[in-house]
Amino acid sequence: MNLLERFTDCNLDADYDEVKKNFSLKIPANFNFSYDVIDVYAKEEPNKQAMVWCDDEGGEKFFSFKDISDMSKKTANFFVQQGLKKGDRVMLFLRRRYEFWWIVPALHRIGAIVIPATTQLLKHDIVYRNNAADIKMIVALDNKQIEEEIEAALPESPTVEKLVTVSGPREGWVDFHAELEKQSVEFDRPTGDAATTNEDPMLIYFTSGTSGYPKMVAHNFLYPLGHIITAKYWQRVIDGGLHCSVAETGWGKAVWGKLYGQWISGSSVFVYDLLGFTPNLFFSKISKYKVTTLCAPPSAYRFLIRQDLSKYDLSNLKYFVTAGEALNDEVFNKFLEKTGHEMREGYGQTETTLAAGTFPGMKVKPGSMGKAAPGFDLEIVDENGKHCAPNVTGNMIIHLDKVKPVGLFGCYYKNETLTKEALGGSFYNTGDLAYYDEDGYIWFVGRQDDVIKSTGYRISPFEVESVLMRFPGVLECAVTGVADKSRGQIVKATIVLTEEYKNRKDGLEKEIMTYARSNLATYKIPRLIEFVDELPKTISGKIRRVEIRQKDQKEKNCH
């Protein structure tokens, strides 16, 4: 059993053109994921598996939907006892701890707003988030001193009233597990003003901050329904199967792949609470627990194709998808050669659910994000709002004039000006540039701020980076534009070298230039190369090209 038929009449096993034409959602009044999905499974199929959890220390747990329902109700009672109510903001630092899958549904039951955060944050990051969102409670695990960073942030965080730890007793913190034992398993659905509505804010994610301070992206209680397409139609999760998405709970990818759409579709989720990505350990877990569908970033697949896959039983794995960065041909072809399976790409933002993808019935084109997702009226337009012809780069927008997609964010929390700019017109501008090919497939070019304009050409930094990354000595690189009087901008490559090449810098710049000339159009060739020890990145690992541009501009002004 799955609940798809309760929320859509569309056959999600059909080919893309049919689903794109016919897809629609049946929207319940006052939908709440905890009551209308988790509790329904707990009542109608209580033993249905919801989650398989393991870690690197031999820990292993299996949860049915009845388990999740009961534990989230007890957790909701705990939160109410601690003074939480509808609309309160709660920040979670839980990595991949299984408590996350009790706590999030518990907060949904109350109507409190969930704000996941990564355990990589430092004091100043936490202070900013506490005050930006008026955080009332923080729930955390003891991981690499994150509790110490949180404590250090408290004197500058006046709204924070309670700290809760899932890692055992700690002075000044409420012991989650000790208090949970005292709670009732009964928790009635709130009524009247305490009940949640479809438009209430349910979940806030801070953006990655590639070009400035992170914005607060708020999603309402319908957001989980938007992930039906993500899970069932793109990831192809299987009713009764076991899906794995490689993501920490601090990032939006976690609820894309570890919670909402998967459970609605009847799939269990596999959660491996790893401390660091080790390919052989990862594949051994995938093999042991018989994972059926997998979603991972291209960087993870790059590690995986170097493994001797014959050591693992991957016969249960039926479908592979990837997102987060463009997929390199070499990785795609090597993975296909080793596994017999194609990888299918997808595209979305913190502000959206899956907005484009390579879906059933579509030919796979490595490096392309595919076509617009069912439920999304996505288009690439020029500066005048006209539809772009093939191979013409334009702005990627999502139309709002006919219908707002379920899963598109409701607002930038506490920022009416930004919200009006983004959602106040007939379309939402993603801020990304892309182009169509002759078959209507969409190819990502870059963020609008990152695209380089040189001698009348628009140059995608991703395109140049993907070529330079094939050079054996390049570990990482970031391509940016540098102001130039004659060309407008010239292309600069900032490069981190592999260990074996770090001591060979003499003549290496010329060698890389020669390689670039053989593999790139003349106007795309880097005119400047800088070797650095590391690239500036956001906490989520995205390259901050804006920081490189600012540094170059500052140095130019100094001269």
Side-chain angles (χ1 to χ4, degrees), residues 3 7 31-34 36-38 50-51 53 63 65 68 72 75 89-109 112-119 133 139 196 200-208 214 216-235 237 243-273 293-297 321 323-324 346-355 357 373 375 405-410 413 540:
L3 297 181
F7 303 117
F31 173 78
N32 185 302
F33 181 77
S34 296
D36 298 323
V37 175
I38 295 172
M51 182 168 71
W53 179 91
F63 298 98
F65 278 100
I68 298 293
S72 65
T75 303
R89 276 75 62 197
V90 182
M91 190 152 58
L92 309 179
F93 294 87
L94 292 172
R95 201 175 62 210
R96 297 172 182 87
R97 287 279 297 229
Y98 56 84
E99 293 94 343
F100 181 85
W101 285 263
W102 305 346
I103 289 169
V104 170
L107 295 172
H108 292 348
R109 292 182 188 281
I113 301 173
V114 180
I115 305 180
T118 174
T119 54
V139 185
T196 61
D200 285 334
M202 178 194 79
L203 174 75
I204 291 174
Y205 271 107
F206 280 82
T207 60
S208 55
M216 293 181 285
V217 177
H219 288 283
N220 64 30
F221 276 82
L222 294 181
Y223 177 67
L225 295 178
H227 278 303
I228 287 174
I229 288 295
T230 308
K232 183 60 184 176
Y233 199 55
W234 177 56
Q235 295 170 344
V237 300
H243 177 74
C244 173
S245 278
V246 179
E248 194 227 287
T249 60
W251 307 117
K253 188 74 179 297
V255 295
W256 276 49
K258 295 177 182 283
L259 183 56
Y260 298 128
Q262 293 71 33
W263 282 359
I264 294 171
S265 304
S267 174
S268 179
V269 294
F270 174 68
V271 180
Y272 174 23
D273 191 12
T293 48
L294 175 65
C295 178
V321 294
Y347 162 84
Q349 299 181 317
T350 307
E351 287 88 345
T352 71
T353 52
L354 186 82
V406 175
L408 184 66
F409 74 120
Y413 194 64
S540 64

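As the structure is a prediction and not an experimental result, all values here were calculated from the model. Heavy atoms only: backbone and side chains are in, while hydrogens, waters and symmetry mates are out.
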Fill in: Arg89/Tyr413 under side chain to side chain contact (heavy atoms under 4.5 Å, CB included): CA gap, chis, key distance, verdict
CA-CA 12 Å; Arg89 276 75 62 197; Tyr413 194 64; 3.5 Å; yes

Nearest heavy-atom approach of Arg109 to Ser34 is CG-CB, 3.7 Å

dist Phe31:CZ -> Thr196:OG1 (nearest 0.5 Å) comes out at 9.5 Å

Heavy atoms of Arg96 and Val271 approach each other most closely as O-CG1, 3.5 Å

_Side chain proximity check, Val104 to Tyr260, heavy atoms < 4.5 angstrom_ = yes

Q.
Between Lys258 (side chain only) and Val269 (backbone N and O only), is there a donor and an acceptor less than 3.5 Å apart?
A. no

In Trp102, Trp101, Phe100, the residue satisfying ring pair (Phe, Tyr, Trp, His ring centres under 6.0 Å) with Tyr98 is Trp102

Of all heavy-atom pairs linking Pro201 and Phe221, the shortest is O-CE1, 3.6 Å

Of all heavy-atom pairs linking Ala355 and Thr352, the shortest is CB-OG1, 4.3 Å

Quiz item: Does a side-chain heavy-atom distance below 4.5 Å link Trp251 with Phe206?
Solution: no

Note: Ile264 and Pro224 closest approach over all heavy atoms is CD1-O, 3.7 Å

Which is it for Leu259 and His227 under the side chain to side chain contact (heavy atoms under 4.5 Å, CB included) test, yes or no, and what are the steps along the way?
CA-CA 9 Å; Leu259 183 56; His227 278 303; over 6 Å; no

**Prompt:** Is Phe409 close to Tyr205 at the side-chain level, that is, under 4.5 Å between some pair of heavy atoms?
**Reply:** no

Rounding to 0.5 Å, atoms OG (Ser72) and CG (Leu107) come to a distance of 10.0 Å

Sorted by chain and residue number, the ring pair (Phe, Tyr, Trp, His ring centres under 6.0 Å) partners of His219 (sequence neighbours excluded) come out as Tyr223

NE2 of His108 to CG of Asp200, rounded to nearest 0.5 Å, is 12.5 Å

**Report entry** Within-4.5 Å side-chain heavy-atom neighbours: Met91 and Pro116
**Finding:** no

Closest non-hydrogen contact found for Val217 with Glu351 is CG1-CA, 3.7 Å

_For the aromatic rings, using the six-membered ring if either is Trp, is the centroid distance between Tyr272 and Trp53 under 6.0 Å?_
no

Check this for me, if you would: do Asp273 and Arg95 make a salt bridge, where the nitrogen-to-carboxylate-oxygen distance has to be below 4.0 angstrom? yes

CH2 of Trp234 to CH2 of Trp256, rounded to nearest 0.5 Å, is 6.5 Å

Taken to the nearest 0.5 Å, the spacing of Gln349 CD from Leu354 CG works out to 11.5 Å

Note to self: Between Leu92 and Thr249, is there a side-chain heavy-atom distance shorter than 4.5 Å?
What the structure shows: no

Separation between CD1 (Ile228) and CZ (Phe7), nearest 0.5 Å, reads 6.5 Å

